[in-house]
Structure formats: structure tokens, C-alpha cells
Amino acid sequence: MRVVVASGKGGTGKTTVATSLVLALSEPTVSFMDCDVEAPNGHIFLDPAFDRRKEVGILIPEVDMSLCTHCGICAEVCQYNAIAVIGTKTLVFPELCHGCGSCTTACPEQAISERLDVMGVLEGGDSRTGVMFSRGLLDVGEPMAVPVIRELKKWPPPRVVVTEVRDAPPGASCPVVESMRGADFVLLVTEPTPFGLHDLKQVAQVVQELGLPAGVVVNRDGIGDDEVDAYCRERGLPILMRIPYDRKIGEGIARGLPLVDIVPAYWRRFRDLSKEIASRVAGGGP
Amino acid sequence: MLEERKMKVAVSLSGRSMDGPFDARFGRAAFFGLTDMDTGEQEVLENPAVGASSGAGVQAAQSVVDRGVQVVVSGAFGPKAHAVLASAGVVMYVAPSDRPLTGTEVLKLYREQGLERVTAPTHAGHHDHPARAAERGRR
Ligand code: SF4
Ligand code: SF4
């Protein structure tokens, strides 16, 4: 079972929910994947000992000028316009290249070889409670998060995975879509405020486009209004958990404590949440 | 056969005519008005890059170079368009942006040497990041 924890914006408690879910399960067959490659923070709560590392990126073309006939085919097939062939020069613009490989395949002279353009690194290891932990780290200044997330998802885990929990980046853009792709269920974390609702709508739209079943966790319940509830009712989005607003929780999280350690009653609640998700996935319905 | 001395000038346009407005963008201009300075012959080239999701400057530059253009007049040249044009030996000029001009007026300014020549990109690229971010996987 693959569950993605997502949120329309940062700071709603997405990582709190994702890490608590993993801690409540804490079995060797559970895997936590931090897909927020621009600002991963799951490690703060899960305390992994990293023992695996891999550089990742995209394969960009390198033209062997002694073989190139400047026929221009590579420039024509590149849908991102990352290559120009000017007279006897073949120019590659790595910053436009998406590593699709079309030019390499199309070159009639086999003049193109590929080299890895490193965009970030994957790191993995077991967490303090013995779950598989992995994360991607995008290099500073690197604009493309998607390839790193894609490689993270493909990175073979050290053991059999029964439950995978992915912490998605905040927002509703392409890295979020990539984090959700291939998942069985999306858990949307929101706050019961007008801003929370606005962001929830955007990310719910992405989930709908992907055709994935979803449920909502309302965090800091009680601070706002009933609009989120009304929206969820109207859209048929089940509210699976409410985490009441509590100063003690906020302070604990600021100190790097997982929710389940701050309020131990949440161990049970998150186990129940995981069972509820599993039954919804098995049932195939929303 | 192209003659040795033949000189072709491209002006970025937003309409299909040299008498229509000049477009200050290079990669995203809808058309290029090409003028053969020796014969006076003119033609309008559609910019294939106008709807490109990425690398518009590169593709636009490639298309004018493919037409044998040696001089390009626009309003701005990004780093990649500049690199492609420079590697083809194309000379770049920018037209003034303080008033609306037609393609023909821009060409007249070029003839009268009233344009500013550029030898370096006029701005940092702006299309790469959204374009790269827009990628949704290997389809
Ligand atoms: S397709 Fe191959 S031979 Fe043709 S221009 Fe590109 S690299 Fe050179
Ligand atoms: S790998 Fe794809 S995106 Fe990159 S230059 Fe080749 S065709 Fe273009």
C-alpha cells in the first residue's frame, strides 16, 4: 500500500502526519519516503542512520564532433529546443535538456553519448524505530525537482515494502504530481481556515485528475470555521482524522518531537487511521 | 545559389507584415520580417518557437539562421538565443523601446545606423525554469 501525505501549502502539519503514521506502524516492512526534495525534514522526527547514497539526475547528450555531420536531426527531434545545429557547430543547452534521450536515439551517426547531469542525491537508512527511510535532496539552485523525486521512487528499497508513506512537497505543482503518481491513496492535510481551504481545493484537484482515492486530516481543528468541513462533504472527501489545536503539540513539534511522542494517545489513532486507509484502498472506493 | 555578399536582415514582428508592429521579444515574436538588403526582396517567416514550451530563443535563432540571416533586430536577446546567433556569426541589434515602431521603421533605423549593437545577452534567460519545472515525467 502506497500512501501519499500531501498539503496545498507548507506548515499545515503534513510532515507531522506522515511521520506519525510511520511511527505508529514502525515495522521493518514500512518505508518512509521524503519527496519534499527542496526542503526535506522528515529525518528530524524519524532520526534515520543513513547508510546508502546515490547521485541522481538526468542523462544529457554529449556530441562527438568527429562523428557529427551537422545534419540537424537532433535539433529537430528535441521538443525542448535544447539543441541547435548551426553550420558546423552542434550546440547543446544542458539547462533546457530534460534527458528524454530522443536525440541520442535519432542521431543517424551515433554521434551522441549521454552523461549524467547530477541534480541531487538520494539517501537512505533505517530510522530509529526500524522503518526504511529514504529521501531526495535537490542541489541548491537546481530548478527541476521532478527527476530527483522520480529516481527516489525507483530506488530499490533494502527490504520488502508492505506500506510506503510518501511525504509530498507542499503545493499542487509538478513535483506534487510526481510524488502522487503510482500511489494508492492520498491523505490531504489541511487547516480549517479560508487559506487552508483554498490550498486544499487546489491539491484536491490534482488528486482528482490523477483519479486517486483520498481522505482529509484536519489539523489545528477548532481554530477556524466550518468551510473545510462543508467542502469535504460536498466533494465526498472523508475526514479521517482531526487533530485539535493544542499549544503543547505546536511546542513539541518545534522541538523536533513526533506527535505520537508528544501525545501518546495518537499512537492508537494513527494505527486506526492506517487501518482505515487500508480498508478504503482494498474497497477500491473513496 | 546564395551569393557571397548577400545580406539578409531579420526584424522581429508581432504581425504578418513589415508595416505592422515591431515585437521587442525575440524568441516569442510571432513573425520575422526578412529583408534582402541587396535586392530589397522581403518575406515574412513564421516563428516556429512562438508556442514552444521551452527553448523558444534557441528554436527561433535556429530558424532565422537556417534562412541565411546575418543580421537580427529585436528588443532583447537571452543568453541561449545569443549563443546560437553568435555562433552563426549573426550580428544582433536592439531597437529603441521608448515608442511603438513598425517593422519598416525599424529597418529604416538599421539602414541609418540608428540601432544599438549588442555583443552580450541583454537579460538572463527566463523561460528555462518554468519550462523545466513543467516537466511531468518521461512520456
Ligand atoms: S543528429 Fe547526430 S549527426 Fe546529426 S547533427 Fe545531431 S549529433 Fe550531429
Ligand atoms: S535528451 Fe531529449 S531534451 Fe535532451 S537534448 Fe536530447 S532530445 Fe532534447
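Chain naming here is simple, since letters A, B, ... match the order of the sequence lines and numbering starts at 1 in each.
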Honestly, the part of B/Val84 sitting under 4.5 Å from a heavy atom of chain A is both
Part of B/Ala83 lying under 4.5 Å from any heavy atom of chain A: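 Both parts, backbone and side chain.
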So does [X] have more than 12 non-hydrogen atoms from other groups sitting under 6.0 Å from [atom1]?
X        : atom1 : result
B/Gln113 : CD    : no
B/Glu116 : CD    : no
A/Gln205 : CD    : yes

So what's closer than 4.5 Å to chain B heavy atoms on A/Ala84: side chain, backbone, both or neither?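 Its backbone and side chain both get close to chain B.
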Proximal component of A/Ile149, with respect to chain B [non-hydrogen, under 4.5 Å]: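 No part of A/Ile149 comes within 4.5 Å of chain B.
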For A/Phe93, which residues count as a ring pair (Phe, Tyr, Trp, His ring centres under 6.0 Å) partner, sequence neighbours excluded? none
What's the spacing between [X] [atom1] and [Y] [atom2] if we round to 0.5 Å?
X       : Y       : atom1 : atom2 : value
A/Leu96 : B/Gln59 : CG    : CD    : 11.0 Å
A/Gln79 : B/Ser54 : CD    : OG    : 8.0 Å
A/Asn81 : B/Lys80 : CG    : NZ    : 11.0 Å

Among the options A/Thr88, A/Ile83, A/Val85, pick out the one with the most heavy-atom pairs lying under 4.5 Å from chain B.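 Ranked by contacts with chain B, first place is A/Val85.
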Spell out, as yes or no, whether a donor-acceptor pair under 3.5 Å connects the side chain of A/Lys89 to the backbone of B/Ser87. yes
